[in-house]
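Some notes on the structure that comes next.
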Amino acid sequence: MLDSKVPAGPLAQKWSNHKFNMKLVNPANKRKFTIIVVGTGLAGASAAASLAELGYNVKTFCYQDSPRRAHSIAAQGGINAAKNYQNDGDSVFRLFYDTIKGGDYRGREGNTYRLAEVSVNIIDQCVAQGVPFAREYGGLLDNRSFGGAQVSRTFYARGQTGQQLLLGAYSALNRQIKKGKVQSYTRHEMLDIVTIDGHAKGIITRDLVTGKIESHAGHAVLLCTGGYGNVYFLSTNAMGCNVTAAWRAHKRGAFFANPCYTQIHPTCIPVTGDHQSKLTLMSESLRNDGRVWVPKTVELSKKLQKGELKAADIKEEDRDYYLERKYPSFGNLVPRDVASRNAKEVVDEGRGVGKSGVAVFLDFADAIKRLGEDTVRAKYGNLFDMYYQITDENPYKQPMRIYPAVHYTMGGVWVDYNLMTTVSGLYALGECNFSDHGANRLGASALMQGLSDGYFVIPYTVGDYLANLGSFAPVDQNHPAFEQTRKEVESNINRLLSLNGNKTVDDIHKQLGHIMWEYCGMARTAEGLIKAKGLIQELRKEFWENARVLGENEELNMSLEKAGRVADFLELGELMVDDALNRNESCGGHFRLESQTEEGEAKRDDENYAYVSAWEYKGDNQPEVLHKEELIFENVKLTQRSYK
Amino acid sequence: MSSKSKPVLTSSLGKKLIMSLTGLFLCSFLVVHLIGNLQLFKDDAGYAFNNYAYFMTHFTPIKVVSYLLYASIVIHAVYALILTRQNKAARPVGYYKSSGNENSKWNSRNMGILGTVILVFLVTHMQHFWWQYKFGTTPYVEYQTELATGNRQIIASDDLPSDYTGYKIYVNNGVEIVQSKDLYKQVAYIFQNPFIVLLYIVAMAALAFHLIHGFQSAFQTLGFNHRRYIGLVRGIGIWVFGIIIPIAFATMPLYFYFKSL
Amino acid sequence: MSKELNLTLKVWRQRNNKAKGQFVTIQANNIADDMSFLEMLDVVNEDLTRKGEDPIYFDHDCREGICGMCSLVINGRPHGPKEGTTTCQLHMRSFHDGQTIVIEPWRAAAFPVLKDLAVDRTAFDRIQQAGGYVNVNTGGVPDANTIPIPKRIADEAFESATCIGCGACVAACKNASAMLFVSAKVSQFALLPQGQTERYERAQAMVDQMDKEGFGSCTNTGACEAECPVGIKLTNIARLNREYLNAKIFRQEDVHS
């Protein structure tokens, strides 16, 4: 059994007590420590800035050309916080409760409560940095509502909340770079963790421009490298998002938790063809005013698909607003997993719309009638524009076509309450870790978690670890472990560069994506998963025999970059399938067809699966070993989630 | 953010400030110059114009302003050159295919060329009139005006008399006598040449395009760009400095040219 | 409905920063018009890879128009012919069958070419580091609703803050000036109450760094505004001018105290 190290005591006092009980590093000693932060999204940038403010020396790494481009920037809708500015009954406990429930009771109470608790500080911090949140006419902050909640607690900056929050964190980071407290390495990719005596003491990176393999030493390493949704090839993640840092850490001893929990976001622009490189999300906030529907009959859908009918031709009584019908109290605002699964269900019935038939309508006609086009434009203008750019269809005039797409991964590197992985001194923050969202994340909670981890959790917990190290000595970069790890990285690169088959890396990645989407996507079966495992193993073999990687190490080489990432995705994919197979229940973003209620809702098995699956890497081609962290619920009652 | 900042005039914005201030000063001069020159259209054989010319060149405050003006022209041109060189250096490798017209106006991108045309014009213009008036030879004119009746007699010659010692104005027996270099005739003489007339018209066209961009750009550089008044600034830039003033100036050579035919 | 295009690409190829570059003509056939421009390049790159030729390197990441990583001057226009979009949001339906498309990197001394179509834009980061922030530490800040900000001001600050830092303004400007970029950040903070305390130092520090990086000066052609994929306005530049001159001429004392 894994120890989550959640402190004892009443839920509401856990974090305060823990903060008091943790050891501190005195200001004069902080400057003797170096902390490595990999990834500069919300979690990484906020952590790096906050730690540097405290006096630590920080090194940040990102594969993009600037820290500002991390994919947090693309988050649209908003960030939750239990401010209760709207006087609508919100509280820290309610945010905690909604998050635990939304996560289908597969999250850790202590972490989730802490997240809700510090959420209020995040908003204060961002406003102080000059983040231009949306405001009311009276000058106070505005809120909107989001899926899975019945209160308005989401703060937003039009449809670009992630951008504004990231630019806020990036500005705090820049301030520390200017002060010389942070050294920023851009266009650098982390390729391995260096451990000495079981402690993370540094990383090996590749300078993507020159190909130089570098060692960087530090007293602690923070992985803030985001999620692994790109294992599906098509996802709403940025093209460069990858699991490499997390996966290499996993291979060095960090357990990987709940890899099968994948969030499929219900409102994305549907796929148009094989050439498609990524999927584009339309913010969930659209579901505030948009109504989801498909025709009631397959016949009408067929006509729509062939272009014989237009959406407007379908009479009101022939439309099935299926979310409103099935979930009258939450309606279009049911949590993401529920909305996605229902979309899949109607499409599988043949009632999908659009040329491919793999889409449902998100209709704004009522909202435009009720609020006027100008108000709708003010609220969602940029999203509508984006939709128009991509599809060449005007959503003010005809309903949007949407379909679920892979968006977020709740699973990730296992961490304890202190965000430390199973490797001492190695931490995982933000989407990279598995922690706070259980089996399904609510909308507007990813930004909250990234910033909570970075601004308000890690500055305390990493101090406790460093204070306990018992030494202020710099990490010895001449330790043989650095040289050893470096050599392994180099040999892996050479192995990749020697691949000279006839399939491109993208070919294989796309194949992997198909397998994952088909068998480990919105609905999973034991049979399918077993099949997928075989397919992935074959594909992995094919990759190492038949892929083609061009160029050399000493240059900007996208072929090599992609190959390294896909090699890791191939291994991760198999673990995801193993995890999905092991979890013989449905919960949140993991839906096993074998485990559903009579109404077709996800059916949990709390007796047997109320645990976190944490997988331990045992070596190449060895089965991973499952460790369990029991989930203890002292403050909420486990019930069948109902949004009816 | 505590390190010492560079002195204002060495920064790119400082240099632009100089361009803006000298440019606007030159614009204000254009207005004065035009109003004065309108006296060329008076049918008084240059009486008003020649007196005005003397006043403008010998009244001390105006002389001070005129030196400021010369300095402004030089500074405007020199800073333009410095900025242009820096701006060229900011893009050492140009585009193979450039579609500037898709995103900006031709004149806004070619202020240097327009300015150079204007500068060449200014040199010839100064040579034609300022140099000739101050240092060269001009025709001579004497106006004898009976103050009681306003009747005027004109004695003119193509050369200055040998005893001419400078502009004089005095009254003798109720007759006002003005002895002066005849710049008016010099103007009429110069503008008999169609090539010079053409040069002046081209230069005024260049001035027009230069100012259509330059006037409002100067305000933008100074930080004045607000929806409340920017329309007015643009309007003045286009109508007054881009159309009325250059056309008014251009009619002068045309007027004398056609008069001479 | 989807159509297919055959295109001739004239692409700038340059092995690295030191190497000499040149245009290479590449045929791109059977391109679906609902592809994005970058997906078209993906297809071309897959072909090149299969043939064992080095794929064209270009910067891109989010592919939804927000990260600012993609660039490309397409037929003489940064982010291509369509207004208000980034290259990743530009679709092939903006082109016609048989067209020749010239693809070049951003050109500016401050943006050296790294490889093919990718340039180094870290100059932008250094400008931000010079002062594009509010000096507040994590924690210890007042409640978010302590200072009401009129919606009009907050909205205007937001408009300025939406800059994605792609560099199209520099690429479009005949002087390779970064004024639109710098002014957007300066404006955001000049408008908000949180930015007031360091308002004038910020303008100076960022302008100084901008000059140091070797960007040209602003001659107000408006090309930046016309090409900006997110619609940052020229009024920001006027505001920067105002902030800077005000700081230099009237507030010199405060700054150096």
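Chain identifiers are assigned alphabetically (A, B, ...) following the order of the sequence lines, protein sequences preceding nucleic acid strands; residue numbering begins at 1 within each chain.
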Separation between [atom1] of [X] and [atom2] of [Y], rounded to the nearest 0.5 Å:
{"X": "B/L13", "Y": "C/K248", "atom1": "CG", "atom2": "NZ", "value": "10.0 Å"}
{"X": "B/K97", "Y": "C/I101", "atom1": "NZ", "atom2": "CD1", "value": "10.0 Å"}
{"X": "B/S104", "Y": "C/E227", "atom1": "OG", "atom2": "CD", "value": "8.5 Å"}

Using side-chain heavy atoms (C-beta onward) and a distance below 4.5 Å, is [X] in contact with [Y]?
{"X": "C/S217", "Y": "B/K15", "value": "no"}
{"X": "B/L83", "Y": "C/T219", "value": "no"}
{"X": "C/T235", "Y": "B/R227", "value": "no"}

Heavy-atom closest contact ([X] atom, [Y] atom, distance):
{"X": "C/C173", "Y": "B/R91", "value": "O-NH1, 2.7 Å"}
{"X": "B/A90", "Y": "C/A176", "value": "O-CB, 3.5 Å"}
{"X": "C/I237", "Y": "B/Q220", "value": "CB-NE2, 3.5 Å"}
{"X": "C/E104", "Y": "B/Y96", "value": "OE1-N, 2.6 Å"}
{"X": "C/K174", "Y": "B/S108", "value": "CE-O, 4.1 Å"}
{"X": "B/T221", "Y": "C/L245", "value": "O-CD1, 3.7 Å"}

Engaged part of B/S98 at the chain C interface, taking heavy atoms whose separation is under 4.5 Å:
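B/S98 touches chain C through backbone heavy atoms alone.
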Does [X] [atom1] have over 12 foreign heavy atoms under 6.0 Å away?
{"X": "B/K88", "atom1": "NZ", "result": "no"}
{"X": "B/F135", "atom1": "CZ", "result": "yes"}
{"X": "B/F209", "atom1": "CZ", "result": "no"}
{"X": "B/K105", "atom1": "NZ", "result": "no"}
{"X": "B/W106", "atom1": "CH2", "result": "yes"}

Select one option (side chain, backbone, both, neither) describing which atoms of [X] are under 4.5 Å from chain B's heavy atoms.
{"X": "C/K10", "value": "side chain"}
{"X": "C/F111", "value": "neither"}
{"X": "C/R239", "value": "neither"}
{"X": "C/P105", "value": "backbone"}
{"X": "C/M206", "value": "neither"}

Leading residue by heavy atom contact count with chain B [cutoff under 4.5 Å; candidates [options]]:
{"options": "C/V113, C/L234, C/V207, C/L240", "value": "C/L234"}
{"options": "C/A172, C/A171, C/C218, C/G21", "value": "C/A171"}
{"options": "C/G216, C/A238, C/A109, C/A226", "value": "C/A238"}

Taking every non-hydrogen pair under 4.5 Å, which of B/L17, B/V93, B/I230 racks up the most with chain C?
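Greatest number of close heavy-atom pairs with chain C: B/V93.
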From C/D208, C/N175, C/D211, residue fulfilling side chain to side chain contact (heavy atoms under 4.5 Å, CB included) relative to B/S12:
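When side chain to side chain contact (heavy atoms under 4.5 Å, CB included) is applied between B/S12 and each of C/D208, C/N175, C/D211, only C/D211 qualifies.
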